[in-house]
Amino acid sequence: MTTDIERRVGNLLDDSQGKGREHRVSSTASVEDGKQFPTSVNNIKPTSKLESDSAKEKLSAELKQKQEAMKGSDGLKAMLAFREQLPAFNVKSGFIKAMTENQVLVVSGETGCGKTTQLPQFILEEEISKLRGADCRIICTQPRRISAISVAARISSERGENLGETVGYQIRLEAKQSAQTRLLFCTTGVLLRQLVQDPQLTGVSHLLVDEIHERGMNEDFLLIILRNLLPQRPDLRLILMSATINADLFSKYFGNAPTLHIPGKTFAVAEFFLEDVLEKTRYNIKSEFENFEGNSRRRRRQQESKKDPLSELFEDVDIDSQYRGYSSSTRKSLEAWSGTQLDLSLVESTIEYICRHEGNGAILVFLTGWDDISKLLDKVKANNYLGDSGKFLVLPLHGSMPTINQREIFDRPPPGKRKIVLATNIAESSITVDDVVYVIDCGKAKETSYDALNKLACLLPSWISKASAHQRRGRAGRVQPGVCYRLYPKIIHDAMLQYQLPEILRTPLQELCLHIKSLQLGTVGSFLAQALQPPDPLAVQNAIELLKTIGALDDMEELTPLGRHLCTLPLDPNIGKMLLMGSIFQCLNPALTIAAALAHRDPFILPINRKEEANDAKKSFAGDSCSDHVALLKAFEGWKDAKRNGAERSFCWDNFLSPVTLQMMDDMRMQFLDLLSDIGFVNKSRGPSAYNQYSQDLEMVCAVLCAGLYPNVVQCKRRGKRTAFYTKEVGKVDIHPGSVNAGVHIFPLPYMVYSEKVKTTSIYIRDSTNISDYALLLFGGNLVPTNTGDGIEMLGGYLHFSASKSVLDLIKKLRGELDKLFNRKIEEPGFDINTEGKGVVAAAVELLHSQVVHH
DNA sequence: GAGCACTGC
C-alpha cells in the first residue's frame, strides 16, 4: 500500500522526470583536466607591469636616489643607530655575499638578533643600490598573520616610509601593497595558494621562509615544492630562517646549503628546576596515592599503568643518591612527585614565593589548558596573600577566553601592582607579554597527534620539547634579566625531545593531499615521500581513501570534477563539499556561515565564571534542532541583525560571542562567495534570493550538512533512558560536554553527523547535528543493496536501512535523480537547478520533512 | 559524569 508521503514524493518526482531526461548528464566534463580555476585571492605579483627596459632603468634610479636621500635624513639616523646595534648588522656583508654566491642559504638566529626585520631589508637595500630595484621582488613568508603585518610595519618605519610603499604585506582577506612594493610579507598559506596559479613564482627574485624551525605543515610543504622548483629557477634565491642553532637538517635537505648563524640578543634568564624550586619554596609534594595502603613507588607504578616514558624514567631514579645535597623534605617531595599530574598547589606556592622574595616584574605561568587556568585562578584568588587584588592583577590568557583581546594583558600594571598571567602555549610565540621577568613552566602542553590506525585525532597533554622549554624561558628576558622556574626535575628536561614532532606527522592529511593534487605535483605518495620527515604511509592512505569516499579523487587517485572545485576553496574538503552542496540545494547562506565557523574557529567564548550561562546561550540558539551547527548559524544571524541595529556589543556580551571571530567569519563568507562566483556556482548578479530558497528549512540545512560531513556519521542507539553513540571506526564515542547535544538523553532522529572527533579524556564528538535516515539516504554515502535485496547498506555495511520495497524503490529513484542533478551542476556549474531540478529538490524536501523509516 | 592546545588559505 502506498502511503501518503510516498504518493506526494512520487508525484513530485514524476513531474520532474520529463525535463530531466531531456538533459542527460554529459559524459564530457566541462572542467578540463589540469585547468586551474581563478581565485579571488589577490595576486601577490606587482599590480602594474613595467613594459620597457628604459622605464625600468628610470625606476631603479629613482628608487636608489630616494633610498639614499632617506639614509641621510635626521629622522632615520636614530633608526639607523638602533639597527646597527642588532647582531644581524654585523653579518650584513657576509650575508649578502653568501646569498649572491649560493642559491640557498640557511640562517639561524635566536630571538632578538634581528634576522626577520634586517635580512629582508638588507636584500632590498642591496638590490636598490645596485640599480636592480625595479626588477627585484622579495617575498618573506611568516607562519602567522600578526607577524606578517607587524614586521612589514616595522620595516616601513625603519625605512621612513608608509606601509604599502616599497614594503607591504598580504594575508588572507587583508593586504597593504602597491605597484611600488618590492618587499612583501605574507603568510605561508597565501604563498601556497599563489603557487596554484603561478607554480614558477614568476618575477620573484628572493624568497625568505621564516620560522621553519616551528615545522608547521605549510612550511614543510612549501620546502618540498621549493626544492623541486629551484633547478627550474636558477635566478631565484632562497633564504631559510630558523630560530635554532641546529640548521643542519635544513642545510642537508637542500644539498648541504651553507649556513649562517647570528647570535641572539636577549637578557640572561636564570633557570631553576623542580629540585631547586622545592628547596626555595619548602613546598611538600603529597603523593597522589597517599591514601593507598603501602605507598611504595612500586605500588604506584602498578597503579599508573599509562605513564609516559619520561615520567617512568624518573620512577627509576634513586632519589637519595641523585639528590644527596638536597634537604630531606625536598627528597621526600621528589619521591612523591608524579610526572602525570600537574600539582597546582606547587604552582601557587611558586607564584607566592616569587611575589614574596623576588623583585618587581610580571609573572608568566605556562599551563596546559582551560581547566588548569580556571582552577589556578580560583586558588590564587582564594590565597590569603595573593588574593589581594590591590597588589596582584591575575589574568587568564587562553585562545577561547574573553581576556584574549584585552589590553590589560599587554599594559604595564600601575606601580605597586604585579601582573600574573596564567597562559597556555599561546604565550609561547603568538602573544608576547613584554614586561615578563618570571616564567613558571609546568613543562607540558596539549598537543595534537594522529592515530592513523584508528583514523583518530588526539589532543593530549604531553611533555614539551627542549626547544619549547627554551622558548618559554626566553619569554622572561625581553626587558631585563629574568628567572625561569621549571616545575619538573632537570633529569626530565634532559630527557625531553630536542624538537617537537613536525605537524605533518601529527595531523590528518586530506586537505594537504588535495592541495598536492591541485598543484599537479605527481602522486601524493611519491611527493610526500620527499618531505623533510615523510608522514606515515597509512596516514597518507587514510587521506586518499577519504578523498575517494567523498568523490574528490577517482580510483586512479586523480582529481574528479568535484575534486577540482574543492581545490579552489580554502577549506577542509568535507567542509568545501558542504558549501558546494549548500549552493546547489538552495541553502547558500547557512552553508557559507557554517563553513566559515568550522574553518576558522568557534565564535562562542568560554568565560571562566559563567560557564553555565554561556552553555545556555548556545543552547538557546540551537532551539530544538539538536545541532551545534544550527547554533552557530543562528548565533551568526543574530549578530548580523544586532549589527544592523547597532546593538553588536551587547548582543555579543549577552550571548558569550566573540565579535572578532564573527567579523572574521563574515569576511570569510565573502571570500567563499567570491570563489563560488569564480567557479561559476553562483551568479552574483542574480542576488541572494536565487540561492536561498531553503535556507530557513532546517531539515534541508541538516541534509546539506550530512552531504558535506559524510562519512563522519554516528549511530544513536537507545540504551534504556539514555542514548549511546557509535562510530564505524572506533565504536563508542561521547558527545562533547560543550555541545548543545550533551546531556540530551533522547534524540528525535537516529543519526548524528559531526565535523570533529577528538580523543582527549574520552573520544568526543565535538560538534554534532542530529539527522534522519532520509538525510543519509538522499545525501550521504552511496546506496548499496544488501545481499538479501530487502535493504540498503552504507558506510561499508556499517549502516543498514530496511523498508518496504516500494519505499526503497522510491528512495533509490529519488537518490538517483539527486545525484544526477549534483553531477550535472558539478560538471556544468552555470546550470540553473531551478529550471530543471525544482521537482526533484522539492521531492527531497518533502521526504526530509517526513520521518517514518523503520530500523 | 564531564570539558574546550595553537596556527593558517
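Naming convention: chains lettered A, B, ... in sequence-line order (proteins, then strands); numbering from 1 in each chain.
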Quick check: does any side chain N or O of N454(A) sit under 3.5 Å from a backbone N or O of V730(A), one acting as donor and the other as acceptor? no
By ring-ring contact (aromatic ring centres under 6.0 Å, His included) - contacts of F527(A) (at least two apart): F221(A)
Close residues, residues 440-452 of chain A, relative to DNA chain B [heavy-atom separation under 4.0 Å]: K446(A), T448(A)
R722(A) atom CZ, neighbour heavy-atom count above 12 within 6.0 Å: no
Taking the nucleotide of DNA chain B with the closest heavy atom to each, which residue, N218(A) or G738(A), is nearer the 5' end? G738(A)
R601(A) CZ to dC9(B) C1', straight-line distance once rounded to whole Å: 15 Å
Protein-nucleotide distance (E612(A), atom CD; dC4(B), atom P), rounded to Å: 16 Å
Residues at least two apart in sequence or cross-chain that pass side chain to side chain donor-acceptor pair (under 3.5 Å) with N574(A), listed by chain then number, are none
Applying ring-ring contact (aromatic ring centres under 6.0 Å, His included) to F250(A) and not counting sequence neighbours gives none
Measure from CD1 on I765(A) to C1' on dC4(B) and round the result to the nearest Å. 15 Å
Would you mind reading off the distance between Q142(A) atom CD and dC9(B) atom P, rounded to a whole angstrom? 12 Å
Contacting residues from residues 460-475 of chain A, given that a heavy atom lies under 4.0 angstrom of DNA chain B: none
If the condition is side chain to side chain donor-acceptor pair (under 3.5 Å), which residues does D343(A) pass it with, not counting sequence neighbours? Y283(A)
Among dA5(B), dG8(B), dG3(B), find the nucleotide with the atom closest to the side chain of H398(A). dA5(B)
